[in-house]
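The structure appears right after this line, and notes come after that.
Everything numeric in this text was worked out from a predicted model, so none of it was measured. When a ligand or atom number is given, it counts from 1 through the structure's own listing order.
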Amino acid sequence: MSHQTGPAFPHPGQASAIRKIPFHRPSIGPAEREAVMEVLDSRWLTTGQKSVAFEEAVRDRVGSAHAVAVNSATAALHLILEALGIHSGDEVIVPTYTFAACGEVCRYLNARPRLADVDPVTFDLTAETIEPQLRPETKAIMVVHYGGRLANMEPILELARSRGLAVIEDAAHALPCSRSGRAAGTWGTAGALSFYATKTVTTGEGGMVITDSAEIADRARLMRLHGMSRDAWKRYSGGGSWYYEIEDAGFKYNLTDLAAAIGLVQLDRAEAMRAERERVAQRYGRAIEAAGIGALVELPSAPGPDEVHAWHLYPLRLNLDRVRPTRAETIDRLAEAGIGTSVHFIPLHLHPYYRRTYDYAPADLPVAAREYEREISMPIYPDLTDGDVDYVVERLAAILRPR
Ligand SMILES: *Cc1c(COP(=O)(O)O)cnc(C)c1O
């Protein structure tokens, strides 16, 4: 005989109907739909007033002096490095525990990404992991605010200052994210935001350079659209719209107004959506304890009281010395239960390109190599209900066994 009521968190092994829980589902409502229709009706589809308004809204939100809209965070990182004058022979410190974009943008400029290990708790660069990677050729440090929690910036900024290095913040996971009211992306020389489909604020594809430096912002503005300067005409005539001058060989990185219109709505909803992800994160913690698997996994590091955590990711770690099955099998069995997961990240130094080009071996950056083996990114997004989280944890508890 079956009962409708029961324990809040069913016992491991207790069957419940399969749900379909994707790894990610963007939160899109009627306001986003309306904003897109308005742009379509206006017939101005590419970069225009919506993009300018989106830049101003982001600038005001994060508290930077400038914001330059582009079509990805990858483009934003590239433009920042270009504006800093990074070139062939230079080196940039990049965490190995990150996405492909961080390393490849250095290669665009024929610079070397010098990979550094990360803190075992936060997955972020620290002054201690950066220090051994510094070389005479080092020009900049690229910090990733992993998962949406602010990296420990003060010691890194201090180290950078003492060596005369620029600090670039990859804030692709980190909106809204701050410590003591200071937003991710505004601590260093310049920051990059991502509005990719899976990110906390999305325009499908999109990104932004944020900086207090007028030089970096001006250069990024010029180079995001073919290096074309429209100010040139004004110098001679004070008017005209057809005339431009090519100041440099730029890129095609501008954001569309269709995307910017979605971004304006998403930005308004950013804090409400963040609060929902925080709810999900807290629910995971309680459900994992209640399911009795607290000793088999390690929960993500909790933010301090003065921190706003974006909770872009919920990186769970298996305590591999105490639990079976393997990470890979756990992921497969979750998938069989309809639950999508991911892994953030496969360290750059384990990938063929980096091994081949720079002769990396896994043990060169041992913390990232070790932690990667046991990480599973669980679903976390505003539409995920408490019931969904309980289901995910119930299935996880049915899979994990103490060794
Ligand atoms: C997603 C991501 C990027 C790239 O963002 P795009 O907007 O897709 O170019 C860069 N860095 C990190 C850490 C990311 O997760």
Checking heavy atoms under 4.0 Å, the part of Thr98 that sits near ligand 1 is side chain

If we ignore angles and hydrogens, is there a donor and acceptor under 3.5 Å between the side chains of Thr211 and His66? no

For ligand 1 and Ala73, I'd like to know whether there is a polar contact (N/O to N/O, distance under 3.5 Å). yes

Using the six-membered ring of Trp187, assess whether NZ or CZ of Arg182 lies under 6.0 Å from its centre and within 45 degrees of the ring axis. yes

Provide, to 0.1 Å, the distance between atom 15 (O) of ligand 1 and the closest protein heavy atom, together with that atom's residue and name. His173 NE2, 2.7 Å

Which bit of Lys199 is near ligand 1, meaning a heavy atom under 4.0 Å away: side chain, backbone, both or neither? side chain

Donor on one side chain, acceptor on other, His312 and Tyr146, under 3.5 Å: no

Side-chain donor-acceptor pair under 3.5 Å between Thr96 and His349, yes or no? yes

In ligand 1, the atoms that come under 4.0 Å of a heavy atom of Gly206 are 7 (O)

Proximity to ligand 1 by part of Asp170, non-hydrogen separation under 4.0 Å: side chain

Can Phe54 and Phe195 be said to form a ring-ring contact (aromatic ring centres under 6.0 Å, His included), step by step? CA-CA 12 Å; Phe54 187 38; Phe195 309 120; 5.0 Å; yes

Using a strict threshold of under 4.0 Å (side-chain N to carboxylate O), is an ion pair present between Arg279 and Glu276? yes

Within reach of ligand 1, part of Ala172 (heavy-atom separation under 4.0 Å): side chain

For ligand 1, find out whether one of its N or O atoms is nearer than 3.5 Å to an N or O atom of Thr74. yes

Testing the 3.5 Å rule here: is there a donor-acceptor pair between the side chains of Glu131 and Thr129? no

Can you sort out which atoms of ligand 1 are near Ser194, meaning under 4.0 Å from one of its heavy atoms? 5 (O), 6 (P), 7 (O)

